[in-house]
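In listed order, ligands and their atoms are each counted from 1.
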Amino acid sequence: MTRSLAPPESDLLAEERRVLRTLAAALPEARYFGRLRVRTSAGERDVLLADRSWLGDELALIDWRTAPLAEVFFTCDVGDDYELERDDRLLRGVVVRRHLVHLRGGELVGIDLADRRLRRDDADRWLADDRPGPRLAPRPPASRTRPLSPARVELDPNQRAAVELAARRSLLVLGEAGFGKTTVALHRLAFLARAAHEARRPFRALMLVPTPGLQRLAVRMLAELGVPRVQVDTFERWVTAQARRLFPQLPRRLSEHAGPGVRTFKRHPALRDILPRIVAGTAAMREAQAGYREHATGLRDLLLHLYGDRELLAEAAAAAPDELGPAVLSDVLAHTKIQFSATTERAMSHVDAERLQTLDGRPIDAGTPLADADSIDVEDFAVLFALHRRFTGGDRTPHGALSHYQHILLDEAQELAPIELELLARAVAPDGTVTVAGDERQQVDASTAFAGWPAVLAELGRDDATTAALTVSYRCPPAIEDVARAVLDPTRRPRDIAHRDHLLVTRHDSPCHQVAALTDALLALTRDDPHVHVAVVCRHVETALALHGALARALPARLVVDDGEFRFAPGIEVTTVQDVKGLEFDVVVVPDLDAATYPDRPDARRALYVATTRPLHRLWLASAGPRSPLLPAWLSDHVREDMSSATAPPSERRAS
Ligand SMILES: Nc1ncnc2c1ncn2[C@@H]1O[C@H](COP(=O)(O)OP(=O)(O)OP(=O)(O)O)[C@@H](O)[C@H]1O
């Protein structure tokens, strides 16, 4: 309902205008997002939420991201008592006012109270709307039961045919997100394990997934399916263990500070093309052998010849100039130089070991550019196996042989590089088979150059694999699926925008406004639907860290980045696109749908596709600032705009 302002609301408006005038007089460029008035034993005072701190005679700005009083703003309502610990003192008070403000061109255009918005309309009148902030509709009680575990679902005929394919055949499982690829692949594994058991054949299986989160989920599902003795790992962990066993002389330290170009180069097919040059011996290798150079040609030194030889790198880069530009080569050369320098501990091995630790007990190089000295990259292991194979014709060393499996299941296989697939092909036992599950639309590792499924099968030596294309969607409601498909293909029209409850699209005046809206909406949702599992999925780790810091002041939100420690249970988890591959949640919030985070580029489309295809029930797309061009055009009418972006101030409208 919209109405004129009641007298107390008019008083509040006048008060807010005074605050704004006072601030403008003291700091003409300053802006603020909200006001908190507290009463303490020293009297009442106002603080303004801004993006910096400042203390004036009558007003104080506090940084909304870090100030302790900002926590009071996000966690308390008007009338609430609060207590803050600061410098061993307890600060107590009562919240007297708490509201967000909307400014445009320095003019006040709106004030958001807990249950109302005061706003200036097109004719310059101030009105009050009974409008709470954006809300996610709770799931209907009937759909609150946990979805069936993939281990317990009734397979459809298409899925069953794939699962029960003759045991000697390899399988490629394709389909859009949520069509049951992982489900089919796991059931296939169970089917093969049973068949081997019945035939009294040995059955050793390996399942590789891209993230620790999916690894944990897969382990659970395999236990539910009753499949014993399957090793589930990420490729990185598996290859590290294999390399450590077969090449124990390699450096123990894994690098932590390689530039982004290093991973791209080391996983790129063009790198493989120059390996024969190392096998034949480069000029530098011949000089080393002749004793003119310091380095011998031990296995690891081959990496120095491979990555430290500018001419050889340039030769590889010439084959893929778009992906392996000068920045990539500089990253590789600089990183190689550091990796092959001695650590300070080694260079100063004559000094007492204890004196080579920092005060907090860390190695003296930690946190310095030398931190990666004498280290190896996880990507080097596949390269070393490839070199070793090219030199010796096999995968055996004096320390053992590459492990072999009767079955290898590769989930999310679109992320694997050719040199990794080449190694995995050799890990399949002579009578073994492979299941490959994947979706090229979900390829998000920026260092992978995906060359298509025929190329993947060829690398694995499985051109004869049977392809199962899954066609039934099981995870996302149609309204969400339509959004996800249109993210990939903007010409796709929605089948169904009737189910509005499934979707919420908002744009906020600032990150502070956005955090306030997310906090309020998630608190309301978890109150109405206590068993809901929510993921806030950011594209970048830095955003996840910052947003978690802001949300965790008011909500029991957990941060899950890199370690895959999802609870798979009710709660709120702040995470990244990379971490949620293959997973699903009741509700997904994409909080960074802005133009800088999701520009009109294929990699951004794929990342957004992954994020938008995780929800079982609700999807909230939110942004502060210019909206991403990837938001489907037909959704524009459904965006709930914050004040300033929706209403130009009268002065601007008159001018235009
Ligand atoms: N036949 C089925 N009946 C009911 N539910 C199913 C069926 N097959 C799969 N599901 C459910 O669909 C959801 C998605 O399945 P799954 O994770 O296997 O899909 P996916 O294709 O691997 O997805 P992604 O590409 O996102 O990894 C899961 O909740 C799973 O339990």
Side-chain angles (χ1 to χ4, degrees), residues 139 143-164 171-191 207-222 224-225 232 234 409-416 435-445 450 453 467-478 480-481 483-485 487-488 533 535 537 564 566 568-569 575-588 590 606-619:
R139 296 171 299 166
S143 60
R144 290 186 191 181
T145 46
R146 294 267 97 211
L148 280 178
S149 153
R152 310 215 185 285
V153 298
E154 175 91 24
L155 297 174
D156 67 36
N158 194 17
Q159 292 177 323
R160 181 155 298 287
V163 166
E164 295 178 357
L171 174 67
L172 171 66
V173 191
L174 301 178
E176 293 177 46
F179 278 36
K181 298 179 294 297
T182 305
T183 307
V184 165
L186 288 167
H187 281 262
R188 171 81 177 152
L189 195 51
F191 173 82
M207 174 174 184
L208 294 182
V209 295
T211 61
L214 195 49
Q215 178 188 12
R216 293 181 60 229
L217 188 66
V219 167
R220 266 192 192 201
M221 295 196 281
L222 285 167
E224 285 179 34
L225 279 165
V232 186
T234 60
L409 192 179
L410 305 176
D411 197 13
E412 308 280 345
Q414 70 277 0
E415 303 295 1
L416 290 164
T435 296
V436 177
D439 178 6
E440 66 280 12
R441 290 156 286 222
Q442 298 185 58
Q443 197 275 304
V444 292
D445 184 333
F450 179 72
W453 295 112
T467 301
L470 305 183
T471 51
V472 181
S473 171
Y474 287 103
R475 180 185 299 134
C476 300
I480 296 179
E481 207 171 53
V483 173
R485 286 178 175 161
V487 162
L488 289 180
H533 187 192
V537 181
F566 291 101
F568 304 115
T575 180
T576 71
V577 171
Q578 181 62 35
D579 288 282
V580 296
K581 289 159 67 71
L583 304 183
E584 60 194 21
F585 304 85
D586 296 323
V587 173
V588 168
V590 175
R606 293 193 298 265
L608 187 57
Y609 179 72
V610 170
T612 52
T613 49
R614 299 306 100 199
L616 288 155
H617 297 283
R618 305 277 182 263
L619 174 65

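- Here Gln442 pairs with Asp439, Arg614 under the side chain to side chain donor-acceptor pair (under 3.5 Å) rule; sequence neighbours left out.
- Looking at Leu214 and Leu583, their side chains come closer than 4.5 Å, going by heavy atoms from C-beta outward.
- For the pair Leu155 and ligand 1, a heavy-atom separation below 4.0 Å is found.
- Here Arg614 has side-chain heavy atoms under 4.0 Å from ligand 1, and that is the only part of it that gets that close.
- When all heavy atoms of Ala611 and Val577 are compared, the pair lying nearest together is CB-CG2, 4.2 Å.
- Distances below 4.0 Å separate heavy atoms of Glu154 from the following atoms of ligand 1: 1 (N), 2 (C), 3 (N).
- Contact of the Val209 side chain with the Glu412 side chain is not registered, since no non-hydrogen atoms from C-beta on lie closer than 4.5 Å.
- Between Gln442 and ligand 1, at least one pair of N/O atoms sits closer than 3.5 Å.
- Under the side chain to side chain donor-acceptor pair (under 3.5 Å) criterion, Thr471 pairs with no residue, sequence neighbours left out.
- Within the model, atoms CZ of Arg441 and CZ of Arg606 stand 12.0 Å from one another, a figure rounded to the nearest 0.5 Å.
- Only side-chain heavy atoms of Glu412 come within less than 4.0 Å of ligand 1; its backbone N, CA, C and O stay farther off.
- Under a 4.0 Å criterion applied to the non-hydrogen atoms of Gly582, ligand 1 contributes the atoms 27 (O).
- The closest non-hydrogen atom to atom 29 (O) of ligand 1, taken over Gln159, Glu584, Arg475, comes from Glu584.
- Using bins of under 30°, 30° to 60° and over 60° for the plane-to-plane angle, the ring pair Phe566/Phe568 lands in the tilted bin.
- At least one N/O-N/O distance between Phe179 and ligand 1 falls below 3.5 Å.
- Comparing heavy-atom distances from atom 24 (P) of ligand 1 across Gly175, Gly178, Ala437 singles out Gly178 as nearest.
- Nearest approach of Thr612 to Ile480, heavy atoms of both residues: O-CG2, 3.3 Å.
- Contact annotation: for Thr183 versus ligand 1, heavy atoms closer than 4.0 Å belong to both the backbone and the side chain.
- Heavy atoms of Lys581 stay at 4.0 angstrom or farther from ligand 1.
- Taking a cut-off of under 4.0 Å to the non-hydrogen atoms of Glu176, the atoms of ligand 1 that pass are 21 (O).
- Ligand 1 is approached by Asp156 to a heavy-atom distance shorter than 4.0 Å.
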### Task
Show your reasoning for whether side chain to side chain contact (heavy atoms under 4.5 Å, CB included) applies to Gln414 and Trp453.
CA-CA 8 Å; Gln414 70 277 0; Trp453 295 112; 4.0 Å; yes
